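Small disclaimer: the values here were computed from a predicted structure and weren't measured.
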Amino acid sequence: MKRLALVIVAAASVIAVQGRAESPPVNTAPRPGLSAGEMQSLIQASQRGDEIALRAIVIAAIARDSGNASVVISHAVSAVPAYADFLVESASRVFPDLTKRLAAAAKEVREKQQARVPPLPSDAPPEPSAEPEPVKPERNWSGETALGGSFRSGTVRSVNANANFKLIYKTGPWQTEGVVDFDYDRSNSVTSTQRLRLKGKPRRDITERLYGFGIAEYEDDRFSGFDYQVTEGVGVGYRLIESPTFRVDVEGGPSLRQSKIEQSKNINHELLGRLATNIAWEMSDTAKFTNETALLFSKNTIEVESASTAFIQDSTETRNVSALDMKIIGNLAARLSYEVSFRPDPPPNGKVTEMFGKISLVHSF
């Protein structure tokens, strides 16, 4: 009597659920297992999480056709696989003699569902969670532009301007650097500084620390005693110290220089030895210090005074340039630089020591 009461209650629940279903498909032809309407009601009950309705639909279907209990549970597990264990357990409580058949039918449905999507082999790499980022092309060009200046009007009228442009091209082991540097100062209609310097330096890496280079430099300094100076040279360099924040390079090699004397218009031809150091120090994320020191020395300067006379003299020149860059925002920085050059034997109207202090804005690219 208890089992009959459960079946009657289940059947009544099915009728009520089917009545609440929104336009369930009509299936007039009898078939084993769950009808189309029962399948629709089962899915809707699972979407609501209504376990009472789920249990009632399956129990009523098995009571109606216990000979096809395995088909009923197969349909139910296929329709709502998340409730498979719950439905098998609920039906087994009402029909304990069908427990093995119901469990076997549910197991068979699960195995078929798992066979449709084969698992990845254990040694297969995990699927990427997102599309890999495209590889960025190597950036060959870089450089910087630095501009500075001042203007004063009153008892003293003065104009000061300086500009520096650097361009670097890298490809494989090669690096080529070009520099243009200009300084100008005029006070009370008198020009005291007017200097243009052009420099080119190709370089090729030989090992991780050793490299070879060539250098060509043109300088036109109105107040140096020369009309112009042209220097060409080659050499080797070595990375003496290298770390993420600190670098020291040392360089050496022979050079040739042609200098035109402003007063006499004679041209000096010099064979020079060149020693240099380059220091770069990343002091912090916003500050960088650089220093370049070059020593040019010669024992065989030949000064041509006329077509038939010449004499030899010693020559030494030292130049040191220090710069401190302080980042402002993005690629924009402020630069404080100081340059000292020393020549013990300058030509007429030239100076033994020259010093240049500059403040400029630098844009890197």
Between [X] and [Y], is there a side-chain N and carboxylate O pair less than 4.0 Å apart?
| X | Y | answer |
| --- | --- | --- |
| D185 | R195 | no |
| E177 | K170 | no |
| R93 | E89 | yes |
| R197 | D183 | no |
| K288 | D325 | no |
| R239 | E242 | yes |
| E317 | R274 | no |
| R319 | E354 | no |

Discussion item. Show me the pairs that pass ring pair (Phe, Tyr, Trp, His ring centres under 6.0 Å) and involve residues 197-237, at least two apart or across chains.
Written reply: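 Applying ring pair (Phe, Tyr, Trp, His ring centres under 6.0 Å) to every pair that reaches into residues 197-237, excluding sequence neighbours, yields nothing.
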Worksheet entry | Residue list, side chain to side chain contact (heavy atoms under 4.5 Å, CB included) with L210, at least two apart or on another chain |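 Once residues adjacent in sequence are excluded, the partners of L210 under the side chain to side chain contact (heavy atoms under 4.5 Å, CB included) criterion are I206, T207, Y238.
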Worksheet item: Taking side chain as C-beta onward, heavy atoms only, is I267 less than 4.5 Å from S259?
Response: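 The answer is no, as the side chains (C-beta and beyond) never meet within the 4.5 Å cut-off.
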Fill in: Within-4.5 Å side-chain heavy-atom neighbours: I73 and H75
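No, their side chains stay 4.5 Å or more apart.
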Worksheet item: Does the side chain of S70 come under 3.5 Å of the side chain of N68 through a donor N or O and an acceptor N or O?
Response: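 Side-chain D/A pair, S70 to N68: absent.
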Worksheet item: Who are the ring pair (Phe, Tyr, Trp, His ring centres under 6.0 Å) partners of Y169, not counting sequence neighbours?
Response: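 In terms of ring pair (Phe, Tyr, Trp, His ring centres under 6.0 Å), with neighbours along the sequence ignored, Y169 is linked to W141.
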Worksheet item: Would you find more than 12 non-hydrogen atoms of other residues, nucleotides or ligands less than 6.0 Å from K265 atom NZ?
Response: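 Result for NZ/K265: enclosed.
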